[in-house]
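Below is one structure, written out as structure tokens; comments come after it.
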There are 2 protein chains.
Amino acid sequence: MRRSRAEKAVTHSKILSVAAKRFRERGLQGIGVADVMKDAGTSVGNFYKHFDSRDDLVMEALAESFKDLDTLEETVESLSAYMAEFMSDRHRDAPATGCPITAFAGEMAQASDGVRAVYTQRVKRTLGYYADHLKGGDAGARHARAILMLSAGIGALSLSRAVNDKALSREILTVLRKELTGLAERPLPAKRTAVVKRIATAKQAGAKKARAKSR
Amino acid sequence: MRRSRAEKAVTHSKILSVAAKRFRERGLQGIGVADVMKDAGTSVGNFYKHFDSRDDLVMEALAESFKDLDTLEETVESLSAYMAEFMSDRHRDAPATGCPITAFAGEMAQASDGVRAVYTQRVKRTLGYYADHLKGGDAGARHARAILMLSAGIGALSLSRAVNDKALSREILTVLRKELTGLAERPLPAKRTAVVKRIATAKQAGAKKARAKSR
DNA sequence: ATTATCTATAGATCTATAGATAATGC
DNA sequence: ATTATCTATAGATCTATAGATAATGC
């Protein structure tokens, strides 16, 4: 039986919501259109009235899944707290609602151009978010630290989910929680211009000379 | 036409060699038995005379793919050189023969127990390899740094392959090459016992007092 | 006699489309 | 008249098996 346009939009949202979860849970290649539609409480035949193709669903669901990252960013009171939550048991054990950058990192190389574009945009946004919340240094140094933190974060979260050993999984999270909260809190060294560097070098040389003399 | 047992072993090796590459290239779910057999130059029907199931192939091919990690470990002259190679354009652009820990990190959570067990064993071996080549610190500190390095390494390699932006991809590799070679070379601080810590604290307090006095 | 390989195919599953139904929206 | 949804199915693809062929190995 036909529903209203408003109700169609609700159906559309429901499909996206389910897909955003299932794709993260089972991988972009690990779940079919039929399963998604069933979980969304509608029929397979209805799918192509909502999306042009499966890849279209992947693209929209990917964008949808990023909303959970928005929520995390909004919920948390500092970059350090963000990192603590990112490296938590809770996050490891809830991939369906967890970080999509992590969930899809390995599959993105095989994804379509459209999907990769959506993904890449969000990687850049996240790097910006990290860099904006770091202290000290210049823009380049903050950007570099952001890259390190994102790489280490998604690598550790993936590994903690991948390994079959609970103790090791916990250890990975613990080590990286400490490391990443540290990197979030510790200010970057102030930018040293060429002149400042020359002065610092001269100071060190002078101190060394003084030590040598005093012996 | 039937071949000899020795020739069967060659066929088996060929299948594994192809599968080890294709799985890394396309993902564990991204390539079928028929394609592997075709690439190996043999027929689909012959597959189940070589493996009990597709999952058996995945398990053996995963073990096979780890040989490329052995080669990297053997080729390289130091952990720092290992990290430089790991974070190279060459490695990023050759996933088929590259690090399997990276290639399968995202899919491992959905893999069978057998496959995960093989994977987990190799993660532990690799952490041991890193820890053994680090300098200074105690065993725990070296293990922790190994976890950080592996996490950051596979995360960065995955991201560099995932993003659709060449400049960002290159930047990720550059930042982490510098960071990881640094972590490989920089000795860990010597273990500080409670007594040593108390002495160090006392020294600092004394120095502070002296500075205050001299003003 | 055994078996390494081949061709052929069963049976499941997946994307996508066709056509019917019945309610909405003009 | 349009369209949101449904049932049914076409056509491709994937894992696994059956049975034939022809060479190996005892």
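Convention: sequence-line order gives letters A, B, ...; per-chain numbering from 1. All values below were derived from every heavy atom in this structure, side-chain atoms included, with hydrogens, water molecules and symmetry-related copies excluded.
- The side chain of A:Y48 contributes an N or O atom lying less than 4.0 Å from OP1 or OP2 of C:dA16.
- A salt bridge links A:R22 and A:D39; the closest N-O separation between the charged side-chain nitrogens and carboxylate oxygens is under 4.0 Å.
- A sub-4.0 Å separation between OP1 or OP2 of D:dA4 and a side-chain N or O of A:T11 is absent.
- Taking for each of B:S4 and B:V44 the nucleotide of DNA chain D with the nearest heavy atom, the 5'-most of the two is the partner of B:V44.
- Note on B:T42: every side-chain N or O is 4.0 Å or more away from OP1 and OP2 of C:dA4.
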Stepwise, does the ring pair (Phe, Tyr, Trp, His ring centres under 6.0 Å) test hold for B:F23 with B:F104?
-> CA-CA 9 Å; B:F23 281 136; B:F104 304 127; 7.1 Å; no
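- Heavy-atom nearest nucleotides on DNA chain D were determined for B:R3 and for B:F47, and the one closer to the 5' end corresponds to B:F47.
- Across the protein-nucleic acid pair, B:K49 atom NZ and C:dC6 atom C1' stand 10 Å apart, rounded to whole Å.
- Less than 4.0 Å separates DNA chain D from no heavy atom of any residue of residues 12-36 of chain A.
- The base-pairing partner of C:dG19, taking Watson-Crick or G-U wobble contacts with both distances under 3.5 Å, is D:dC6.
- Close to D:dT5, at under 4.0 Å from its OP1 or OP2, lies no side-chain N or O of A:R2.
- Contact annotation: A:K8 side-chain N/O to D:dA4 OP1/OP2 distance is under 4.0 Å.
- At D:dT24, none of the side-chain N or O atoms of B:R5 fall inside 4.0 Å of OP1 or OP2 (strictly under the cut-off).
- Within the 4.0 angstrom heavy-atom criterion, base atoms lie near A:S43.
- B:S160 contributes atom OG, which lies 8.5 Å from atom CG of B:D89 (distance to the nearest 0.5 angstrom).
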